[in-house]
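Notes for the one structure printed next.
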Amino acid sequence: MDENGAATSPQVLQRVNARRVLEYAWRTGAFTASDAMAATGLTRSTVIGVCDELLRQGWLDELGDARAVGAYTKGRPARRYALRDRAAVVIAVDAGHDRISATVADLRGTPIGRSSTVIAAVRPDRPERLADAGRRRALVRAAIDEALADARVDPSTVLAMTVAVPAPVDRDGASPAENPFWRLANPGYAELVREDAALVTIENDANLAAVAERSAPEGGGRDVDSFIALMSGEGMGAGLMIDGRLVRGRRGAAGELRFLDHVQGVGSPDGLALLARRWAVEAIEAGAGDGPLARLDPATLDQAAVADAAASGDPTAVGIIDRLSERLARICLVLGDLLDVDRVVVGGAVAESLPEVVERAGRILEESDDPTAPELRRSALGDDSVTIGAIEHALAAVRSRALDLTPSARPAA
């Protein structure tokens, strides 16, 4: 019977039971029928029948019996099963501003193959570089092929792929056309990779960072119901995890921060890394004293060099760090007032190269008298946050539709 008291067909019941056992296998390591019975509440005969079917389909492996590994000494030895980790793979692609990478992971989410290429940064203030779109498509294709070769798996074993882009994405995998930068950041990836896997998703990178902060053991959003993953580098975007659910919006643009154009004391959604460089160049060109900042080459300086100059006590660089900190704190206060979240987790280039900005902004928030001021935390996931989220997103798609998919019969190398 279902929850409404209606009769349930044997076929539907069998699928429900198979899903319960397979979900248990995904959460655990080696297990016996007794283990699965305790976890699912199913009878022994049902569990054994389901396990035999999942073995036939290729989702499970049968291991040595419990007696063979010293865990069973009397009576009939118990059969032991485990998820077949290499039954299939997923691919996470991070097509970012200045790097395109692909990662192949097994069904436990363990990376087994990688490829990464650094490219000239495509900045939100340089949308005229649309000629780069074809090259970006070619680099994504090359990254996928190289990661598969590195993993030594056949392309037919790929069940799901998630591609992360620094742009809003609608349900069809396309980005809104009104912004030239968005068209460059997502130049038709859905069409490019649609034949590469049964389940293909194009998703905003900040949204995937939020998935990572929620799911990774060291993620900054595991212990709160509502948080924002704020990605800041060349641009700024947010992944909104509200009451445990990712909020995307009608066109996938819920985390876009264009409204910052109208926030006094902010004025744009420019990224903090971009602003650190811009303000440093302006200061140098205006004659920024004779400290470490003044000795930097405006043509090659990066935000980390500005942070180093501030750490050495250069007053102009310290002023830039203060401006960035105040700006970040103001953005967090506005987001806190708007969305009433517990925490903002800052990732992207700023988390790695400008940690002092995050720490100072956090102190400003702590000292504010705004009751909705969120806690501010620097992401511990580093450069891999988007990839971690993309892997989890792809695996979630596989788990939700596993019984409709066919894992490869080929053993992985």
Margin query: Determine whether a donor-acceptor pair (N or O, by modelled atom type, separation under 3.5 Å) exists between the side chain of R171 and the backbone of R250.
Written below: no
Item checked: R222 side chain to S215 backbone, donor-acceptor under 3.5 Å -> yes
Next item on the list: Take R323 and E326 through the salt bridge (Lys or Arg N to Asp or Glu O under 4.0 Å) test and state the conclusion after the steps.
Entry: CA-CA 5 Å; R323 287 177 66 188; E326 292 165 3; over 6 Å; no
Checklist line | Residue that, paired with R79, satisfies side-chain contact (heavy atoms from CB on, under 4.5 Å) out of T32, D52, L63 | finding: D52
Next item on the list: Among D170, D172, L192, V165, find the residue that satisfies the side-chain contact (heavy atoms from CB on, under 4.5 Å) test when tested with I202.
Entry: V165
Next item on the list: Any chance you could measure I364, atom CD1, to L376, atom CG, to the nearest 0.5 Å?
Entry: 9.5 Å
Note to self: Between the side chains of R360 and E356, is the shortest nitrogen-to-carboxylate-oxygen separation below 4.0 Å, so that they form an ion pair?
What the structure shows: yes
Notebook entry, point to check: Is the shortest distance from a Lys or Arg side-chain nitrogen in R15 or E53 to a carboxylate oxygen in the other one below 4.0 Å?
Noted result: no
Margin query: Rounded at 0.5 Å granularity, tell me how far CE in M231 sits from CG in D205.
Written below: 5.5 Å
Next item on the list: Decide salt bridge (Lys or Arg N to Asp or Glu O under 4.0 Å) for D61 and R86; before the verdict, give the C-alpha distance in whole Å, the side-chain angles of both, and the deciding distance to 0.1 Å.
Entry: CA-CA 10 Å; D61 272 330; R86 300 292 184 90; over 6 Å; no
Note to self: Can you tell me how the ring of F181 sits relative to the ring of H97, calling it parallel under 30°, perpendicular over 60° and tilted otherwise?
What the structure shows: parallel
Item checked: By side-chain hydrogen bond (donor to acceptor under 3.5 Å, both in side chains) - contacts of R114 (at least two apart) -> none
Checklist line | Derivation and outcome, salt bridge (Lys or Arg N to Asp or Glu O under 4.0 Å), residues R278 and D270 | finding: CA-CA 11 Å; R278 179 185 297 166; D270 289 342; 3.1 Å; yes
